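Data block below; observations after.
Being a predicted model, the structure only gives us computed values, none of them experimental.
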Amino acid sequence: MVKDKLFPWVSVVVLSVILLGCMFAEVLMTTDPTFLNLQCCDLPPCREFLFGTDPLGRDIFSGIWYGGRISVTIGFLAAAISTFIAILYGTLCGLAPGWLDRGMMRFLEVFLSIPSLLLVLFLQAILGKANVLSLSFVIGITLWPAIARVVRTEVRQLRSGECILAAKAMGCGWGHILRWYLVPNFLSSICFMVVMNVGSAIAMESTLSFLGMGLPLEVISWGSMLSLAQKALLTGSWWIILIPGAFLIGLLMCLTSIGNALRRAADRRERKI
């Protein structure tokens, strides 16, 4: 019981440290993370290069904090895009008449049947060369269906409430009802899913970079750093894989822990109701 209560707070502290380090990367960076020092390629961790260097001679310590900023930005942008789409779509389903709701839910089921990674690869291939905005967009528009289903369920339960009926009787528009009456009531139910989507987006960006479809090498992110993993395995440069991978896994574990804590809190509130 003590561990269950403590662990989310430990995750919050670790996550805060990582986010603050990425936010103030310029303070922590020892060298320019984009500088190609060809005389110091594949160096193991040492006093000059705390986390070693990659095959291009770039300082991994500086790249961790600078690249983490890019990865976290993609994660939050993608989660914001997916949440916005999910709220709009789920609310429309919840307020729509039965025949339209059934049609929209069938579309949602078809969308869910498509593997997310395959869809992201297809959309990114259409858009061309990847950048932060394009990756955030294509990842964001693949992560919304699960949240939309929860929003739709919550809206169908809320739409017959007295406050909603009174707002409609007073002539309030759909946007006003959504903002002031619907979102505050179902926001707690989707908070943990939004947090989990941040982690999913960061993991997907890393996967795309590993497959060669993510950010180019000149744009440093945790994913683009891990894209050198195959070459690192051949040369025995363990630090190129282990250090960025440890930061990525640590961030994902913190987000998962916080998301689970939010889900348990939401479940307890529902049981009390």
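- Tyr66 meets the side chain to side chain contact (heavy atoms under 4.5 Å, CB included) test with Met29, Pro33, Ile220; sequence neighbours excluded.
- Contacts of Thr91 classified as side-chain hydrogen bond (donor to acceptor under 3.5 Å, both in side chains), with partners at least two apart in sequence or in another chain: none.
- Under the 30°/60° scheme for interplanar angles, the aromatic rings of Phe61 and Trp65 are found to stand perpendicular.
- Qualifying side-chain hydrogen bond (donor to acceptor under 3.5 Å, both in side chains) partners for Thr256, counting only residues two or more places apart in sequence or in other chains: none.
- Between the side chain of Ser224 and the backbone N or O of Pro216 there is no donor-acceptor pair closer than 3.5 Å.
- Residues Leu20 and Phe24 are in side-chain contact: their nearest non-hydrogen atoms beyond the backbone lie under 4.5 Å apart.
- Val110 forms part of no hydrophobic cluster, judged by ILVMFWY side-chain heavy-atom separations under 4.5 Å.
- The minimum heavy-atom distance between Thr53 and Asp42, with the atom names listed, is OG1-N, 3.2 Å.
- With hydrophobic clusters built from ILVMFWY side chains whose heavy atoms lie under 4.5 angstrom apart, Val195 shares a cluster with Ile87.
- Grouping the Ile, Leu, Val, Met, Phe, Trp and Tyr side chains by contacts below 4.5 angstrom, directly or via other members, places Val10 with Leu255.
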From CA spacing to verdict: side-chain contact (heavy atoms from CB on, under 4.5 Å), Leu117, Leu208: CA-CA 8 Å; Leu117 184 59; Leu208 290 174; 3.9 Å; yes

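- Panel note: side chain Gln124, backbone Gly128; a donor-acceptor pair is recorded below 3.5 Å.
- Side-chain atoms of Ser82 do not come within 3.5 Å of backbone N or O of Ile141 as any donor-acceptor pair.
- Judged by distance alone, with hydrogens and angles left aside, the side-chain atoms of Ser62 form a donor-acceptor pair with the main-chain N or O of Thr31 at under 3.5 Å.
- None of Ile70, Leu215, Leu123, Thr73 except one satisfies the side-chain contact (heavy atoms from CB on, under 4.5 Å) rule with Leu135; the exception is Leu215.
- Formation of a donor-acceptor pair under 3.5 Å by the Trp222 side chain with backbone atoms of Gly245 is not found in this model.
- Looking at Thr30 and Asp59, their side chains do bring a donor and an acceptor atom within 3.5 Å of each other.
- Here the CD1-SG distance, from Ile258 to Cys191, works out to 12.0 Å after rounding to the nearest 0.5 Å.
- Residues Leu262 and Ile190 are members of one and the same hydrophobic cluster, defined by side-chain heavy-atom contacts under 4.5 angstrom among Ile, Leu, Val, Met, Phe, Trp and Tyr.
- Rounded to the nearest 0.5 Å, atoms CG (Leu15) and CG (Leu252) are 10.5 Å apart.
- Cys93 contributes atom SG, which lies 7.5 Å from atom CG of Leu100 (distance to the nearest 0.5 angstrom).
- Taking 4.5 Å as the limit, every side-chain heavy atom of Met193 sits out of range of all side-chain heavy atoms of Arg263.
- Listed by first then second residue, pairs satisfying ring-ring contact (aromatic ring centres under 6.0 Å, His included) with a partner in residues 76-97 read Tyr89-Trp144, not counting sequence neighbours.
- Across all non-hydrogen atoms, the minimal contact from Ala79 to Val198 is CB-CG2, 3.5 Å.
- Under the side chain to side chain contact (heavy atoms under 4.5 Å, CB included) criterion, Pro115 pairs with Leu118, sequence neighbours left out.
- Contact annotation: the side chain of Ile18 never approaches that of Val72 to less than 4.5 Å [non-hydrogen atoms, C-beta and beyond].
- Asp54 and Ile240 get closest at one heavy-atom pair: CA-CD1, 3.8 Å.
- Under the 3.5 Å distance criterion, the side-chain polar atoms of Ser16 are matched with a main-chain donor or acceptor of Val12.
- Under a cut-off of 6.0 angstrom, the local environment of CZ in Phe111 is crowded, with over 12 non-hydrogen atoms contributed by other residues, nucleotides or ligands.
- Two residues are said to be in side-chain contact when any heavy atoms from C-beta on lie closer than 4.5 Å; Trp239 and Phe49 fail this criterion.
- No single ILVMFWY cluster, assembled from side-chain heavy atoms under 4.5 Å apart, contains both Leu43 and Phe35.
- Placement of Leu88 and Ile139 within a single hydrophobic cluster is found when ILVMFWY residues are connected by side-chain heavy-atom separations under 4.5 Å, directly or transitively.
- In the model, Thr153 has no side-chain atom that pairs as donor or acceptor with a side-chain atom of Gln157 under 3.5 Å.
- Smallest separation of non-hydrogen atoms from Leu56 and Leu38: O-CD2, 4.0 Å.
- In terms of heavy atoms, Val120 sits closest to Val138 at CG2-O, 3.8 Å.
- For the atom pair CZ of Phe186 and CD1 of Ile147, the computed distance is 10.5 Å after rounding to the nearest 0.5 Å.
- With Ser221 contributing its side chain and Ser71 its backbone, the two residues share no donor-acceptor pair below 3.5 Å.
- A salt bridge between Arg69 and Glu26 is present, with a side-chain N of the basic residue lying under 4.0 Å from a carboxylate O of the acidic one.
- Proximity of Leu251 to Phe247: side-chain heavy atoms (C-beta onward) are nowhere separated by under 4.5 Å.
- Heavy atoms only, all atoms of each residue included: Pro244 and Met225 are closest at CG-CE, 3.9 Å.
- Interatomic distance, CE of Met204 versus CD1 of Ile74, reported as 12.0 Å (0.5 Å rounding).
- Put simply, CG on Leu50 and CD1 on Ile64 are 12.0 Å apart, with the number rounded to the nearest 0.5 Å.
- With salt bridges taken as basic N to acidic carboxylate O contacts below 4.0 Å, one links Asp101 and Arg156.
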